[in-house]
Amino acid sequence: MHSLHIEDFRRDLISWYLREKRDLPWRLDQDPYKVWVSEIMLQQTRVDTVIPYFLNFTEKFPTLEALAAADEEDVLKAWEGLGYYSRVRNLQSAVKEVVSTYGGVVPNTPEEISKLKGVGPYTKGAILSIAYGVPEPAVDGNVMRVMSRILSIWEDIAKPKTRTIFEKILYEVISKEQPSEFNQALMELGAIVCTPTSPSCLICPVREHCQAFEEGVQTELPVKSKKKKPRPVSMAAAVLKDDAGNFYIHKRPSSGLLANLWEFPNCETEIELLSQKEQLVRYLHDEYEADAEMEPLSGTIQHIFSHLVWNISVYAARLKPGSIPKNLLKVTEAEMQKYAFPVSHQKIYQMTEAHK
DNA sequence: CACTCGTGGAT
DNA sequence: TATCCAAGAGT
């Protein structure tokens, strides 16, 4: 068991937070919808990255009802570049569920809110505590890092089961009077003071409560096992245009990587007798009935995902007169701006444009 | 549980 | 340059 003086810890932590907290756009009010949007955006994503997306998204979709009624195309466009796109498709799905089942009011119980798509253990606790003042823990990476140091816990925080250990402890430690401030304070401390590599222990408001600091092991915690290296994939992509200047783009499948985003026609390539360019020509013909003249290689692009590395050879391609592609959308350059592309395909487009 | 699912920035 | 990371969830 731990020897933490819980009341003093809460007081020192929360008073520091109220003193030092950053002015962030999602802290202007406690609108459950905006709290929700911010929490989804902040999953695995830095505050500085999220801020402009949050401002734009809440301007485009200011209410839960507005998001529920929006076209998915426009929703994905507002998320373009933020990554983990299933987050926003789940968010819109869940918002529709709130409108149809809960009369547009975000539920305020752990059981009901956990049923919503995209709301896992962390987001459940974050929304309930911040928007409704319910004393539920919100255990993210910051919280596990801070608490592993405070209590000198040496469990591997990369293991799913470890989160439940911290949740159990935090049900006890969380402030029942100020759960919102307590949860946000833990995360704020992790973001600003109790950082992963070089924690600023000398200015830490809860240093006197920190077991790891007392033992001098704060830089050895938390324990976190390493991830695998991403798997390399060779690809070829065609920025396909016709003589009238139209582009031909493809909508990705509704599940899996970059679901429902748009892309330039492309295929995975193998090491074989056919060159990458020839494999791409064959693919365009077989998959889309598109006959194209390929220009010389424009260049190569590397795009790194969490678990994949795309190595893409990029070609500009001219559709032969009379060839009518199937399953590709014909758009002008101006119309293309309305569709959401992953960053990898933005790079592909820019590479061919640079050669003009 | 192990894997999938993005991106840009820090060290 | 390589690695790790940042307010995780779905399968």
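Quick note on labels: first sequence line is chain A, next is B, and so on, each numbered from 1.
- For residues 61-73 of chain A, every residue pair satisfying the side chain to side chain donor-acceptor pair (under 3.5 Å) rule, not counting sequence neighbours, is listed here: A/Glu72-A/Asn260, A/Glu73-A/Trp262.
- Comparing atom distances between the A/Leu257 side chain and each of B/dG8, B/dA2, B/dG6 picks out B/dG6 as nearest.
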For nucleotides 9-11 of chain B, print each protein N/O atom paired with a nucleotide N/O atom at under 3.5 Å, atom names and distance only.
none

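- For B/dC3, the OP1/OP2 oxygens have no side-chain nitrogen or oxygen of A/His307 closer than 4.0 Å.
- Every residue two or more places apart in sequence or in another chain was checked for a ring-ring contact (aromatic ring centres under 6.0 Å, His included) with A/Tyr33, and none qualifies.
- Using modelled atom types, no side-chain atom of A/Ser93 and backbone atom of A/Arg89 make a donor-acceptor pair closer than 3.5 Å.
- Under the 3.5 Å distance criterion, the side-chain polar atoms of A/Asn90 are matched with a main-chain donor or acceptor of A/Ser86.
- Comparing the P positions of C/dA9 and B/dG8 gives a spacing of 23 Å, expressed to the nearest Å.
- Cluster note: A/Val223 groups with A/Trp154, A/Val217, A/Leu221 through ILVMFWY side-chain heavy atoms spaced under 4.5 Å, whether in direct contact or through intervening members.
- Comparing the P positions of C/dA6 and B/dC3 gives a spacing of 22 Å, expressed to the nearest Å.
- The ring-ring contact (aromatic ring centres under 6.0 Å, His included) test applied to A/Phe213 returns no partner, not counting sequence neighbours.
- A heavy atom lying under 4.0 Å from DNA chain B marks the following residues of residues 84-97 of chain A, by number: A/Tyr84, A/Tyr85.
- The shortest side-chain heavy-atom distance between A/Ile174 and A/Asn183 falls under the 4.5 Å cut-off.
- In the region residues 222-231 of chain A, proximity to DNA chain B at under 4.0 angstrom, judged on heavy atoms, holds for A/Lys228.
- Checking A/Gln184, A/Gln178, A/Glu188 one by one against A/Tyr17, the side chain to side chain donor-acceptor pair (under 3.5 Å) holds for a single residue, A/Gln184.
- Within a heavy-atom distance below 4.0 Å of DNA chain C, no residue of residues 57-68 of chain A is found.
- Considering only residues two or more places apart in sequence or on other chains, A/Tyr84 meets the ring-ring contact (aromatic ring centres under 6.0 Å, His included) condition with none of them.
- Listed by chain and number, the hydrophobic cluster partners of A/Tyr171 come to none, as no ILVMFWY side chain reaches under 4.5 Å of it.
- Listed for the A/Gln279 side chain is a donor-acceptor partner under 3.5 Å among the backbone atoms of A/Glu270.
- Grouping Ile, Leu, Val, Met, Phe, Trp and Tyr by side-chain contacts under 4.5 Å, direct or through others, puts A/Ile304 with A/Val309.
- Not one N or O on the side chain of A/Arg163 forms a donor-acceptor pair closer than 3.5 Å with the backbone of A/Lys159.
- Within residues 18-32 of chain A, the residues having any heavy atom under 4.0 Å from DNA chain C are, by residue number, A/Arg22, A/Leu24, A/Trp26, A/Arg27.
- For the side chain to side chain contact (heavy atoms under 4.5 Å, CB included) with A/Met144, the lone residue among A/Leu186, A/Val139, A/Ile165 that qualifies is A/Val139.
- Put simply, the side chain of A/Lys176 gets close to the backbone of A/Glu172: a donor and an acceptor are under 3.5 Å apart.
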